[in-house]
Protein chains: 4
Amino acid sequence: MNTLKLGIIGAGRIGRVHAASISQRIEQAEVMAIADPDIDEAEKLTRKLGIPIASKDPTDIFNHAEIDAVVICSPTDTHTEYIRACAVQKKHIFCEKPIDLDLDKIRNILEVVKDAGIQMMVGFNRRFDPNFAKIKALVSSGTIGDPQILKITSRDPGPPPPQYILSSGGLFLDMAIHDFDMARFIVQDEVVEVYSKGAVMIDEEIGRMGDIDTAITTLQFKNGAMGVIDNSRKAVYGYDQRLEIFGSGGMAKIDNNLPENHELFDGSGSHRSLPLNFFMERYTESYYLEMVEFVEAILTGKPLSVSGIDGLLSVAIGLAAKKSVLERRPVLIDEIL
Amino acid sequence: MNTLKLGIIGAGRIGRVHAASISQRIEQAEVMAIADPDIDEAEKLTRKLGIPIASKDPTDIFNHAEIDAVVICSPTDTHTEYIRACAVQKKHIFCEKPIDLDLDKIRNILEVVKDAGIQMMVGFNRRFDPNFAKIKALVSSGTIGDPQILKITSRDPGPPPPQYILSSGGLFLDMAIHDFDMARFIVQDEVVEVYSKGAVMIDEEIGRMGDIDTAITTLQFKNGAMGVIDNSRKAVYGYDQRLEIFGSGGMAKIDNNLPENHELFDGSGSHRSLPLNFFMERYTESYYLEMVEFVEAILTGKPLSVSGIDGLLSVAIGLAAKKSVLERRPVLIDEIL
Amino acid sequence: MNTLKLGIIGAGRIGRVHAASISQRIEQAEVMAIADPDIDEAEKLTRKLGIPIASKDPTDIFNHAEIDAVVICSPTDTHTEYIRACAVQKKHIFCEKPIDLDLDKIRNILEVVKDAGIQMMVGFNRRFDPNFAKIKALVSSGTIGDPQILKITSRDPGPPPPQYILSSGGLFLDMAIHDFDMARFIVQDEVVEVYSKGAVMIDEEIGRMGDIDTAITTLQFKNGAMGVIDNSRKAVYGYDQRLEIFGSGGMAKIDNNLPENHELFDGSGSHRSLPLNFFMERYTESYYLEMVEFVEAILTGKPLSVSGIDGLLSVAIGLAAKKSVLERRPVLIDEIL
Amino acid sequence: MNTLKLGIIGAGRIGRVHAASISQRIEQAEVMAIADPDIDEAEKLTRKLGIPIASKDPTDIFNHAEIDAVVICSPTDTHTEYIRACAVQKKHIFCEKPIDLDLDKIRNILEVVKDAGIQMMVGFNRRFDPNFAKIKALVSSGTIGDPQILKITSRDPGPPPPQYILSSGGLFLDMAIHDFDMARFIVQDEVVEVYSKGAVMIDEEIGRMGDIDTAITTLQFKNGAMGVIDNSRKAVYGYDQRLEIFGSGGMAKIDNNLPENHELFDGSGSHRSLPLNFFMERYTESYYLEMVEFVEAILTGKPLSVSGIDGLLSVAIGLAAKKSVLERRPVLIDEIL
């Protein structure tokens, strides 16, 4: 295999990002087909990027003999079905997170993938962001010593529309799930206990839908390290994505990315720009870099750095967090898994 | 009263700081006497600062007719006795924190102070630090809107000697107590629930003495705001004192103070100095400014901004945190008070 | 014209950058041909990007009926000849800086371009960098008031090979020329006088070739503003590109871009990464954005923001700087033009 | 000599600063007398600080048998007279800068001081500021290698009253003189040539008095290093005091000091406070630290780090700068000295 041939399911926001990355920036890969129920969207994309096939039906991708791998960017509730279809056809899989909101369904589908002998990567793109990757490298190299305290700040510029929350699984499963994965990625150990405080501070409609919009989550890792994540659905100053890791040998932290780094001084003080807003601007490069790894790993047989198990465990932490808020007590991951 | 005449009990580290501030930098105040069981220390200090009386016995201060107010810098277990003696002689009181480690004793002594009609200020000096004071002002002015998430990082450069821990009440009562007071000061509301995770990561000797050296504490405020404090007894990069407050209108934060602000660029990157180390360097100005307020308030009859109740509640939060670690569950302040 | 059809002369470093930008990221443009004496390089590039024609001879581009515009990325001494050929064929021009090292040749060729009724843009890419563009916007909006003092720091990570200096025109014409253009761009006024101090501090070989490797240049603008530029061929900490503009209403400045924004704290202080190194990494986005403007302006008839006159004046300032070092006195631009 | 006994001439702003530092913060020194033509000011100060003698006449200080050293804080045009009187009485001298505006008078008085065998320190307090002192240490230790480019930004928050300029010697002698001394201090070498551009941009009244309010000065050092200083009488954002030194081994720089280090994030960006304003706030510590050195050096016989020659050379550079603006050409220091 010299060139990896891919099909993409879903021509929405994230599907378009992956389609463009692969078509324009990754020489060893080629997008053969895009499927989306909205055929107009699919065709618009294939036309723009010179991709051969647009289809309403993902079956056209599963059955396409030349396609080696499938990028699943469809709604969460279709993921396991499409993964299964890929497994049948022995096509490798890149699946956006979360795999599913149900742990049993995730466990089952991971078995299917394993039995099929195919590779599957879950789209935890932030692991590929240069800021977070640098922190991970500092931990791996032992520069900060044994990790003791992890702190993540993760705040969105504004809440999603109410209907999104109904299907997304709520703050812990659509938003904090990235932070749960990041916590495991940075500490390089497993979470064993979760305690979350949640509140509705931004929009009472969110509360009426049974979700929260603000949370502080304390994590206990197996190796003894502890972590804390604070989440908010609305930071008026924009998308706030920071992390700090404190250890026996030092501390490392990262700050937000700005569109440019000017500083203005006037009679009232000094001023800088708002952070990049929103994830499409902030994490642009990481979406590309995760796809580079996926393509290279499939072509060379190298192991993927993000596995289906990572997809499973981030959901488990999210479910533990929900349970913790509900029952107002720390919850063991073992109660959930 | 044109000049406030003071006596100081305790010629140790903090007693010396207050003696120098009052003698040298506060025109409207005068130190008349210093008492310390170690008479040599007391005399060294009175000689250096031109203070009339050095004594082994604080009674000489309580009984001194001209002394208007007493600054209590002796060990914690002497505080309530000395406060009582001041009350009898109708002398105003500045008392170092904590007032005591026992809530009943604190409550009783606050009654005594109240009945005596004297003023008492507790030494939460950090409230007077220019960084923290600025954050408080931004909250008070409504600049950050309604407070939603408070974050405090408070890490010492190294653990105290083991014997100190035995009498100090441990991490939550000798160290985090400052952070508990700061949390109430910034959010301007009362803590109703505490959840703490504690661990021994730095020195097993600390564990053997029944204390912890690392902690993450989640606070629930009455008004709905939430807070998180992380503490460590040992940051290899020095004294780490940061705070962030996030609200509906914005976010404000403060960073560590450095001895100077140079930045060096060489072949390996850019480099800055370690933070000021330790509290005597970091909080120098705040020790002076709290005394300025105390002197001015007593002279003019203005109310003090830090009260005995503040001293009581910070201890209550500390005891709740200890109980939370022990019982592995969130603890209501009402269970403690 | 719906799509702009372009030919590129030169398959070297900068030619490859423009070829990729246009082919992959600019939908309204298409590269039809690439010419380079090294046909292998040209073919490698056309193959990679799916460009129809590779040629050893730029004439194939000038004579190609469908090509609307030419991007000239060949050595400086070929620029005027190729511009002339474009003018004959009425093809619009994007020319890398400098147009030439001889003012008369530049003046003549600008006449030719004008008479041909074609558009020409000179490649001062830094104007399109988000940092510098933000500063320009702050000046244009009047935020900093009337500009009074401009400061530019421009230091390379290492000197070029000696033979490059021989043909490049030296520090003022191959390196500082970008800063001279930036000075005019930010102050939005013309330089009338130049005083430069130059020295050989890094490599004596550079001195033997008649050039300098370190310089401080003071600029006098027509409107009264003053500027200072410091240049060095070798900053051990990498590519240093900063600017500050001070005016009656305030000051604005920009700093270097880093590969990521981590900060590491250990026992010796805090540490950050080196700046992006070198211009290909630092100014990536600006190369793309200047081409976006070029394509859009040609397609729509909008005026270009960088003109041939900009190319002329930056060389004039460079020549004045050289004369100033030689004669150890301030030199008027009118002495040069 | 166990305690240094001092007299202070001048009870103005800077006299009061030194009086307080010595009386309150320096144990080994004692102020015996303060002289000021405005006897009310002198008495106010002696009363406040418990100093024995207030006088209208500095002769009372010169003739006082117990006084070891004199701190001269009177107007510049009285300095040489008072230095002479000190020399006669063999009293050591701390003299505020500038010694005088006339080089011959300075040279003569330095001879007198030398012949008298007394010590004299000139008040270049900024050398003792922790920021600048750190940079000096980095240069001395070789950390930045051989100094190549020095950059100083020195801008005042607002112009002085016009009458001050008439007697002060103008921008180069009352303001930039600090920067000229700093340049010599950091580079640790002598200035041999000066080129200054000056302009009136802030207040035309300043121009009518024959002075300028904005300047850029290029310095050539004997060892080959170059420097540039930009001065403005009015920065709307306050007192701007920065420095950068670039060398063969790296670069180091310092930034302004702020009253506190908060950062506020709201819907328009992030915001910090204005710098400390003005020199009394910014350089508080340095005024104390220079006096510590003076007292200790006189008591122990250690050499002073700032000499009369430093006072002479800073004036010489200032006069060269004035001449350079007038004659629009670089001026050698040898033309002045």
Side-chain angles (χ1 to χ4, degrees), chain B residues 20-28 30 47-50 128-139 141-145 241-273 275-276 281 284-286, chain D residues 20-28 30 47-50 128-139 141-145 241-273 275-276 281 284-286:
Chain B
S21 288
I22 299 168
S23 295
Q24 298 175 334
R25 299 179 68 188
I26 303 183
E27 283 186 62
Q28 312 97 303
E30 192 181 336
R47 230 179 2 250
K48 177 179 161 185
L49 296 169
F128 297 87
D129 175 76
N131 287 347
F132 291 105
K134 177 71 184 182
I135 295 291
K136 166 65 175 271
L138 289 170
V139 175
S141 64
T143 307
I144 64 125
Q241 297 280 296
R242 289 172 288 149
L243 182 146
E244 170 177 331
I245 179 83
F246 170 81
S248 57
M251 183 263 278
K253 63 190 175 99
I254 52 171
D255 209 329
N256 289 307
N257 286 356
L258 308 185
E260 30 65 34
N261 66 35
H262 95 281
E263 192 167 10
L264 169 69
F265 297 75
D266 61 21
S268 73
S270 75
H271 316 280
R272 312 202 64 173
S273 293
L276 285 173
E281 287 78 40
T284 311
E285 197 64 8
S286 70
Chain D
S21 288
I22 299 167
S23 296
Q24 298 175 335
R25 300 179 68 190
I26 303 182
E27 283 185 63
Q28 312 98 303
E30 191 182 337
R47 226 174 10 244
K48 178 179 160 185
L49 296 168
F128 298 86
D129 175 76
N131 287 347
F132 292 104
K134 177 72 185 181
I135 295 291
K136 165 67 175 269
L138 289 169
V139 174
S141 64
T143 307
I144 64 126
Q241 299 279 295
R242 289 172 287 150
L243 182 147
E244 171 177 330
I245 179 84
F246 170 82
S248 58
M251 184 263 279
K253 62 191 175 97
I254 53 171
D255 209 329
N256 288 307
N257 285 356
L258 308 185
E260 29 65 33
N261 67 33
H262 95 280
E263 191 168 11
L264 171 68
F265 297 75
D266 61 22
S268 71
S270 74
H271 317 281
R272 312 203 64 173
S273 294
L276 284 173
E281 287 78 40
T284 310
E285 198 64 8
S286 70

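By convention in this document, chain letters (A, B, ...) are assigned in the order of the sequence lines, proteins followed by strands, and residues within each chain are numbered from 1.
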Taking Leu138(D), Asn261(D), Leu243(D), Leu258(D) one by one, which has the highest count of heavy-atom pairs under 4.5 Å against chain B?
Asn261(D)
Highest number of heavy-atom pairs under 4.5 Å with chain B among Gln24(D), Arg272(D), His271(D), Glu244(D) belongs to Gln24(D)
So that I can tick it off, tell me whether Glu285(D) and Arg25(D) are bridged by a salt bridge, with the cut-off set at under 4.0 angstrom between side-chain N and carboxylate O.
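Yes, Arg25(D) and Glu285(D) are salt-bridged.
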Partner residues of Glu30(B) under the salt bridge (charged side-chain N to carboxylate O under 4.0 Å, His left out) criterion, sequence neighbours left out
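Per chain and number, Glu30(B) pairs via salt bridge (charged side-chain N to carboxylate O under 4.0 Å, His left out) with no residue.
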Taking all non-hydrogen atoms of both residues into account, name the closest pair between Pro130(D) and Pro259(B) and its distance.
CB-O, 3.9 Å
What heavy-atom pair brings Ile144(D) and Phe246(D) nearest, and what distance separates the two atoms?
CD1-C, 4.3 Å
Tell me, out of Leu264(B), Leu49(B), Ile135(B), Asp266(B), who's got the most heavy-atom pairs with chain D below 4.5 Å.
Leu264(B)
Of Asn131(D), Thr284(D), Asp129(D), which meets side chain to side chain donor-acceptor pair (under 3.5 Å) against Asn257(D)?
Asn131(D)
Region of Lys134(D) that comes under 4.5 Å of a non-hydrogen atom in chain B:
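Just the side chain, heavy atoms under 4.5 Å.
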Taking side chain as everything from C-beta outward and backbone as N, CA, C, O, which of these in Glu27(B) sits under 4.5 Å from a heavy atom of chain D? Side chain, backbone, both or neither.
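Contact with chain D involves the side chain of Glu27(B) alone.
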